[in-house]
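All values below come from the heavy atoms of this structure, side chains included, with hydrogens, waters and symmetry mates left out.
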There are 2 protein chains.
Amino acid sequence: MSGWYSGRMAATESAGTARRGLRADALRNRQRIVEAARQIFEEQGLDAPLDEVAERAGVGAGTLYRRFPTREDLVEAAFEDELLRVAAITEEALRREDPWAGFCMLVERLCAAMATDRGLSDLLTVRLPTSQVAATMGERHAQALTQLVRRAQEAGVLREDFVPEDIFLFLMANAGVTQVTRHAAPHAWRRLIAYLLAACRAGHSEPLPAAPTPLQTERALLGHAETKGLRPTGRDGQNKS
Amino acid sequence: MSGWYSGRMAATESAGTARRGLRADALRNRQRIVEAARQIFEEQGLDAPLDEVAERAGVGAGTLYRRFPTREDLVEAAFEDELLRVAAITEEALRREDPWAGFCMLVERLCAAMATDRGLSDLLTVRLPTSQVAATMGERHAQALTQLVRRAQEAGVLREDFVPEDIFLFLMANAGVTQVTRHAAPHAWRRLIAYLLAACRAGHSEPLPAAPTPLQTERALLGHAETKGLRPTGRDGQNKS
DNA sequence: TACCAACCGGACATAATTCTCCGGATTTCA
DNA sequence: TGAAATCCGGAGAATTATGTCCGGTTGGTA
């Protein structure tokens with residue numbers, strides 16, 4: 001949103017489409033498209049119709065497809081800075097002195113980011129490996145992640161059989177919860193994570209965040225069903241055959 | 001598959017479409033459609049194209065839509081017996097003497113059923129409240145569920161702040177994991193559930209099932225992305241603009 | 001200022017899915 | 001057996017999303 005294109009990255013050119021040599025109006029439109037995509041993806045997930053992105057950006061569909069030939073190109077451009085921010089979480093967690101606090105921080109911050117951004121949620125689970133950005137980011141952080149886990153285990157606060165891949169397991173679980181509860185019980189995922197962190201800890205068990213009420217649960221499921229593809233089916237009367 | 005239509009249910013008529021008074025060929029086709037739907041839904045989830053159901057059933061699209069005007073009608077008919085089987089799990093768990101074993105059995109069996117049946121997974125999370133069957137089944141078992149939880153808590157083996165709604169939380173999390181890992185790491189969900197059960201228990205922590213290897217994790221994500229909407233995009237060469 | 005290359009945008013072709021219509025075939029019952 | 005009620009099935013209209021094409025416009029440069 002702020003400095004999504006900083007000059008130092010010009011060499012990397014990770015977004016798949018050349019940025020240099022663009023005419024002024026082309027560059028302007030590119031920015032508007034990326035910003036619109038970021039919003040739409042955050043609201044609707046990575047499967048959102050691209051025409052809607054073009055509309056919000058105020059450009060024609062042709063402009064969008066010319067600049068970003070595939071959906072993946074657009075996804076990469078839209079989440080470039082967001083992924084950097086996510087990546088920074090691991091390093092920030094490593095800077096914490098308390099190994100357990102660092103570990104919890106990683107899980108909680110990752111899940112929190114996914115809870116507020118459907119696109120990011122898709123990106124970190126379903127689509128992770130199809131994205132070039134994610135690949136490089138994953139490389140860059142697999143090491144930090146392993147380090148964070150090992151440090152907590154050596155401190156004796158994390159169970160020995162925990163493996164770094166479990167983080168992804170947790171992210172998938174988190175995605176499953178947020179996908180359904182996002183609107184009616186936006187904090188349900190915190191309870192899931194609290195359970196999982198309690199299970200990771202060698203011993204102990206801390207009080208859980210409030211559970212969603214039955215009403216919240218019901219509305220979570222209902223609301224999500226309405227949001228997804230379950231429209232009134234278009235049929236008005238019975239067929240009189 | 002075997003006795004999905006037992007005469008004693010004729011009074012209930014829960015499937016939304018009348019079954020009595022159907023001509024012989026109509027009834028035959030109805031059965032074939034329901035069986036085909038059960039298979040397709042199990043393989044592809046509840047959003048599978050209905051034409052595919054018609055094709056596998058060996059009937060025309062018109063026949064399918066005449067018998068089941070909405071997708072929900074077909075879903076209900078297809079999962080009628082499956083839901084009864086799921087419902088029986090709770091009662092079976094209650095018949096176990098050990099409260100903790102009963103509780104674990106409930107969670108594990110529910111999740112196992114979801115892991116092998118995409119349609120059931122959808123039904124128990126995303127679409128649960130839109131289904132009439134699920135509503136009645138939910139009524140019937142909310143009580144047994146509460147009883148199972150309370151029993152375990154009174155025995156001192158289940159943490160006091162666990163609530164029956166947490167079961168749904170676990171199911172959503174399980175759905176999130178199985179959705180992604182179904183093909184490449186079909187047992188990843190067991191590890192998640194083991195974590196969650198460990199967290200539920202008041203104290204203790206048992207060894208976890210094997211974690212998915214990095215290769216499995218990668219293939220899980222890749223395979224799932226291929227299966228879902230990420231086809232080759234239809235474009236072959238670069239656009240030469 | 002004037003020209004050309006680059007770019008814009010919407011109309012259009014394509015594809016997938018849902019749902020309907022109706023001529024023709026089949027079953028049932030007298 | 002024969003007629004009438006019922007049902008079948010595929011063609012096709014409507015909808016939604018994707019990706020392309022081309023006439024017209026704009027920005028940059030001489």
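- Summarising the geometry, the separation between CG on A:D51 and P on D:dA17 is reported as 8 Å, rounded to the nearest angstrom.
- Phosphate contact (OP1/OP2 of C:dC7, side-chain N/O of A:R66, threshold under 4.0 Å): absent.
- Rounded to a whole Å, the CG atom of A:L27 is 10 Å from the P atom of C:dC8.
- For the residue pair A:E43/A:Q39, the side-chain donor-acceptor check at 3.5 Å is not satisfied.
- You won't find any donor-acceptor pair under 3.5 Å spanning the side chain of B:R71 and the base of C:dT18, going by distance alone.
- Atom CD1 in A:I40 sits about 16 Å away from atom C1' in D:dT18, given to the nearest Å.
- For A:E92 and A:R109, the salt-bridge test passes: some basic side-chain N is under 4.0 Å from an acidic carboxylate O.
- Atom pair A:D47:CG and C:dA16:P shows a separation of 17 Å (rounding to whole Å applied).
- Of the candidate nucleotides C:dT18, C:dC8, D:dA17, C:dT18 has the atom lying nearest to any side-chain atom of B:Y65.
- Contact annotation: B:R28 does not reach the phosphate of D:dC7 (side-chain N/O to OP1 or OP2, under 4.0 Å).
- B:F68 has its CZ atom 15 Å from the P atom of C:dC19, to the nearest Å.
- The distance between atom CZ of B:R23 and atom P of D:dA4, rounded to the nearest whole Å, is 16 Å.
- Comparing A:G62 and B:A48 by the nucleotide of DNA chain C whose heavy atom lies nearest to each, the residue mapping closer to the 5' end is A:G62.
- Nearest to the side chain of B:T63, among D:dC8, C:dT27, D:dC7, sits D:dC8.
- Applying the 6.0 Å contact sphere to CD of A:E55 captures no more than 12 heavy atoms from other residues, nucleotides or ligands.
- When distances run from any side-chain atom of B:R67 to the nucleotides C:dT18, D:dC8, C:dG9, the shortest one goes to D:dC8.
- Remark: A:D81 engages A:R85 in a salt bridge, criterion side-chain N to carboxylate O under 4.0 Å.
- Rounded to whole Å, atom P of D:dG19 lies 11 Å from atom CD of A:E72.
- One finds no side-chain N or O of A:N29 lying less than 4.0 angstrom from the OP1 or OP2 phosphate oxygen of C:dC7.
- Nucleic acid contact class of A:D25 (heavy atoms, under 4.0 Å, all strands): sugar-phosphate only.
- Ring centroid separation for the pair A:Y195 and B:Y195 does not come in under the 6.0 Å cut-off.
- Remark: P of D:dT26 and CG of A:L22 are 19 Å apart, rounded to the nearest angstrom.
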